[in-house]
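In what follows, a structure is listed as structure tokens, so that the remarks can point back to it.
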Amino acid sequence: MRIARFSIDGNVAFGAVEGEGTVESGGLVLDIIKGIPYTDFELSGTKVPLSKVRLLPPVLPNKVVAIGRNYAEHAAELGNEVPDAPVAFFKPTTSVTGPGDAIEYPSFSDELHHEAELAVVIGRMCREVPRERVRDVIFGYTCANDVTARDVQRRENQWARAKGFDTSCPLGPWVETGLSVEQAGDLTVQATVNGEQRQLGRTSDMIRSIEDLVVHITEAMTLLPGDVILTGTPAGVGPLNVGDEVAVTIEGIGTLTNKVIKRG
């Protein structure tokens, strides 16, 4: 099931996406969910054409835990070694933005990069999750773009500003709940800029698997429903300029599209 979060007539709700096609092509409708989707829920039967609503970030995470250098070719293209342990960092909730929303080019950077990533959405409160229970705490998966001020990342020891500025974490267009951990571990991840392919990889190329990452992160902290784990990006990261349209497409999930604007 594809679960979207949306606004219509000033109200915010979750809905199950039905039909075939994309956000842009039409043909999709939303069956409004009663309540929130992390627990047992019912479909209301009230259906709204997706074209009549504004899609929002599919979740509002308490925290986004991101993993760096989880693809060997990406580490190499930036001149980095594969780390001995997962490199984890946070993106604040204020960095989260939705499908179709603008990415604002930060005034303190001259080198903005796209990073297409599979995002894991947590479905229940969890801590110290054993490997065999990882599937039980995952709600689903969505597309993410770990937008990065690369010049700032190089010159500052911490990545907080480089990867945590407002609008640096597009998520969407919805959460796909029908993928198993095994299926999610072997999906195509692609990024295009103005229709030109920049990144193309598979989640099976990740150094640390989804299970590895959930175990590693929950050794240290409690994850809450709606929290997001960004699993790293394949090779091919590159520049974004004002006016560019960047799209992240993940097999079996969908396409997340955003346009870059000048921060005003």
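- No more than 12 heavy atoms of other residues, nucleotides or ligands sit less than 6.0 Å from atom CD of E81.
- A salt bridge links E42 with K34: at least one charged nitrogen is closer than 4.0 Å to a carboxylate oxygen.
- Judged as a salt bridge (charged side-chain N to carboxylate O under 4.0 Å, His left out), and not counting sequence neighbours, the contacts of E182 are R135.
- Atom CG in L30 sits 9.5 Å away from atom CD1 in I3 (nearest 0.5 Å).
- Judged purely by distance below 3.5 Å, without hydrogens or angles, the side chains of E176 and T142 never pair a donor atom with an acceptor atom.
- Hydrophobic cluster membership of V29, counting Ile, Leu, Val, Met, Phe, Trp and Tyr whose side-chain heavy atoms lie under 4.5 Å apart directly or via other members: none, as it forms a cluster of its own.
- Listed by first and then second residue, the ring pair (Phe, Tyr, Trp, His ring centres under 6.0 Å) pairs involving residues 192-216 amount to none (not counting sequence neighbours).
- Here the side chain of E196 pairs no donor or acceptor atom with the backbone of V193 at under 3.5 angstrom.
- Using modelled atom types, no side-chain atom of R198 and backbone atom of G236 make a donor-acceptor pair closer than 3.5 Å.
- For residues 19-49, the pairs satisfying ring pair (Phe, Tyr, Trp, His ring centres under 6.0 Å) are Y38-F139, with sequence neighbours left out.
- In terms of modelled atom types and a separation under 3.5 Å, the side chain of S209 and the main chain of D212 share a donor-acceptor contact.
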**Report entry** Steps toward side chain to side chain contact (heavy atoms under 4.5 Å, CB included) verdict (F6, I32)
**Finding:** CA-CA 10 Å; F6 65 95; I32 298 175; 3.9 Å; yes

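- One finds the CD atom of E117 at 7.5 Å from the NE2 atom of H74 (value rounded to the nearest 0.5 Å).
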Requested in this report: Dump the intermediate steps for side-chain hydrogen bond (donor to acceptor under 3.5 Å, both in side chains) on E245 and T257, then the final yes or no.
Outcome: CA-CA 7 Å; E245 184 176 83; T257 303; 5.6 Å; no

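- Using a 4.5 Å heavy-atom threshold, the side chains of R208 and P83 count as touching.
- Hydrophobic clustering (side-chain heavy atoms under 4.5 Å, transitive across Ile, Leu, Val, Met, Phe, Trp, Tyr) keeps L213 apart from V87.
- Remark: M221 CE is packed, more than 12 non-hydrogen atoms of other residues, nucleotides or ligands lying under 6.0 Å away.
- A side-chain donor-acceptor contact under 3.5 Å links D227 to the backbone of L224.
- Separating the CD1 atom in I207 from the CG atom in N70 is a distance of 5.5 Å, to the nearest 0.5 Å.
- Of the options R154, R150, R155, a salt bridge (Lys or Arg N to Asp or Glu O under 4.0 Å) to E111 is made by R154 and by none of the others.
- Side chain of Q197 to main chain of T192: no donor-acceptor pair is present (N/O by atom type, distance under 3.5 Å, no hydrogens or angles).
- Between the side chains of R202 and T188, at least one donor-acceptor pair of N or O atoms lies under 3.5 Å.
- In this structure, P130 and V215 approach most closely via the heavy-atom pair C-CG2, 4.2 Å.
- In terms of heavy atoms, G254 sits closest to C143 at O-SG, 3.4 Å.
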Atom pairs and distances, donor-acceptor, side-chain atoms in residues 162-172, under 3.5 Å, two or more places apart:
residue: K163; atom: NZ; partner: E115; partner atom: OE1; Å: 3.3
residue: K163; atom: NZ; partner: E115; partner atom: OE2; Å: 3.4
residue: K163; atom: NZ; partner: D146; partner atom: OD2; Å: 2.8
residue: K163; atom: NZ; partner: T148; partner atom: OG1; Å: 2.8
residue: T167; atom: OG1; partner: E104; partner atom: N; Å: 2.9
residue: S168; atom: OG; partner: K91; partner atom: NZ; Å: 3.4
residue: S168; atom: OG; partner: K163; partner atom: O; Å: 3.0
residue: S168; atom: OG; partner: F165; partner atom: O; Å: 2.7

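- In the hydrophobic clustering of ILVMFWY residues, with side-chain heavy atoms under 4.5 Å counting as a link, I138 and I217 come out together.
- Once rounded to the nearest 0.5 Å, the distance linking CZ of R263 with CZ of F108 reads 6.0 Å.
- Across A119 and V228, no two heavy atoms sit closer than the pair CB-CG1, 3.9 Å.
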Report task. Decide yes or no on side chain to side chain contact (heavy atoms under 4.5 Å, CB included) for W174 and R2, but give the supporting numbers first. Result -> CA-CA 6 Å; W174 42 63; R2 295 168 292 177; 3.6 Å; yes

Donor-acceptor pairs under 3.5 angstrom involving side-chain atoms of residues 93-102: please list them, not counting sequence neighbours.
residue: S95; atom: OG; partner: P92; partner atom: O; Å: 2.6
residue: T97; atom: OG1; partner: D101; partner atom: OD2; Å: 3.2
residue: D101; atom: OD1; partner: R54; partner atom: NH2; Å: 3.1
residue: D101; atom: OD2; partner: G98; partner atom: N; Å: 2.9

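- Counting non-hydrogen atoms of other residues, nucleotides and ligands closer than 6.0 Å to CD of Q183 gives a total above 12.
- The CD1 atom of I229 sits 10.0 Å away from the CG atom of L118 when rounded to the nearest 0.5 Å.
- Annotation: side chain of L50 is in contact with side chain of L55 (closest heavy-atom distance under 4.5 Å).
- In this structure, F14 is not a member of the same hydrophobic cluster as L28, with clusters built from ILVMFWY side-chain heavy atoms closer than 4.5 Å.
- Checking side-chain atoms of R124 against main-chain N and O of D136 turns up a donor-acceptor pair under 3.5 Å.
- To the nearest 0.5 Å, the span separating OG1 on T203 from CG on D205 amounts to 8.0 Å.
- In this structure a side-chain-to-backbone donor-acceptor pair under 3.5 Å is present from Y105 to L112.
- At a threshold of 4.0 Å, the pair E219-R127 does not count as salt-bridged, since none of the basic side-chain nitrogens sits closer than that to a carboxylate oxygen.
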Requested in this report: Given side chain to side chain contact (heavy atoms under 4.5 Å, CB included), test L56 with V12 step by step and report yes or no.
Outcome: CA-CA 9 Å; L56 303 173; V12 175; 3.8 Å; yes

Query raised in the report: When you look at H113 and L240, which way does the side chain to side chain contact (heavy atoms under 4.5 Å, CB included) test go after all the steps?
Result: CA-CA 5 Å; H113 278 196; L240 291 172; over 6 Å; no

